[in-house]
Student: 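Input: one structure, supplied below.
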2 protein chains.
Amino acid sequence: MNLELTPIQAVACCSPLAREPISEEVAEQVSIVLKALGDPVRLRLMSLVASHEGGEACVCDLNDAFDLSQPTISHHLKILHEAGLLEREKRGVWAYYRARTESLENLASVIGGTAR
Amino acid sequence: MNLELTPIQAVACCSPLAREPISEEVAEQVSIVLKALGDPVRLRLMSLVASHEGGEACVCDLNDAFDLSQPTISHHLKILHEAGLLEREKRGVWAYYRARTESLENLASVIGGTAR
DNA sequence: CGTCAATATTTACGCCTGTCTATGTCTTGT
DNA sequence: ACAAGACATAGACAGGCGTAAATATTGACG
């Protein structure tokens, strides 16, 4: 089991950008997540997984949604996973990815200031 | 006066990522804004401006906050401006940047799903 | 066991990006 | 009109990133 905090969890104390100047460290952490989402393909991947029934999607389905090679999709999924935005679970031959909605919400609250 | 929509305004109808798979076009637009924020320097710049008194900050102040050359800061400010995140106003010799909080909130609602 | 199918990893390559230096453009003050 | 200061633009370069082809890994199934 992995107990490490993902980048976005490490700053999850809902401090909006506009309240006070964020530190270099926080900026570094948050920008990792933003950079992960800052690609059209990864944004669509994230949306595909998050909106899929059951909140998870199989890689085989995701591959078909793009005109890209399988390794490229795998590469993008890895980046989203490392940013703490996707969870990965292997069942049999297939790999399923699940969206971490908390991460999305945390990110949104950091950006938008509508902290909960 | 500029009537063009900024990238984030074009998809401002608060559709969260998780509700349905976003289109290629929307992904392209939103990723521009995310990419703009997906850099530690620009994230700090955005936070500095947004949290500054009066909601605006002079470039001269911003330069001092970083160990980077003045043209580099200018470059980052331009990217944030083109993404619709900062407004620019020149008063005398000085240039002032103001945060577009609507853009931040729109982005947050697209990401977080906590649409208003 | 050996083959096949689903994913991941490695390697390589062209393009994009962050940075700096040098230069340009305005505005103000003399 | 000229000099100085604030900021933007242009050009150049190194490192990072998205992509594909080739290869490795893992699990299912005969």
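These values consider heavy atoms only, across backbone and side chains, with no hydrogens, waters or symmetry-generated copies. Bear in mind the structure is a predicted one, so any value in this text is a computation, not a measurement. All chains are named by letter (A, B, ...) in the order of the sequence lines, taking the proteins before the strands, and each is independently numbered beginning at 1.
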Student: Could you check whether B/Lys90 gets within reach of a base, just the sugar-phosphate, or nothing at all, counting any heavy atom under 4.0 Å?
Tutor: nothing
Student: Give a yes/no answer on whether the side chain of A/Arg91 brings an N or O atom under 4.0 Å of OP1 or OP2 in C/dA6.
Tutor: no
Student: Would you say D/dG18 has OP1 or OP2 under 4.0 Å from some side-chain N or O of A/Thr72?
Tutor: no
Student: Return no unless some side-chain N or O of A/Tyr97 is found under 4.0 Å from OP1 or OP2 of C/dA8.
Tutor: yes
Student: Does OP1 or OP2 of C/dT7 have a side-chain N or O of A/Arg88 closer than 4.0 Å?
Tutor: no
Student: Report which part of the nucleic acid B/Ile73 touches: base, sugar-phosphate, or nothing (heavy-atom distance under 4.0 Å, all strands).
Tutor: nothing
Student: Regarding C/dA6, can its base be found pairing with the side chain of A/Gln70 as donor and acceptor, where the two atoms are less than 3.5 Å apart?
Tutor: no
Student: Answer yes or no: does a side-chain N or O of A/His76 lie under 4.0 Å from OP1 or OP2 of D/dT19?
Tutor: yes
Student: What's B/Ile79 touching, base or sugar-phosphate or nothing? Going by heavy atoms closer than 4.0 Å.
Tutor: sugar-phosphate
Student: For the side chain of B/Arg42, counting heavy atoms from C-beta on, which of D/dA28, D/dT19, C/dG18 is nearest?
Tutor: C/dG18
Student: Compare the minimum distances between each of C/dG18, C/dA22, D/dA21 and the side chain of B/Asp39, then state the nucleotide with the smallest one.
Tutor: C/dG18
Student: Which of these nucleotides, D/dC7, D/dT19, C/dA8, is closest to any side-chain atom of B/Cys60?
Tutor: D/dC7
Student: Please pick, from C/dT7, D/dG5, C/dA22, the nucleotide with the shortest atom-to-atom distance to any side-chain atom of B/Val93.
Tutor: D/dG5
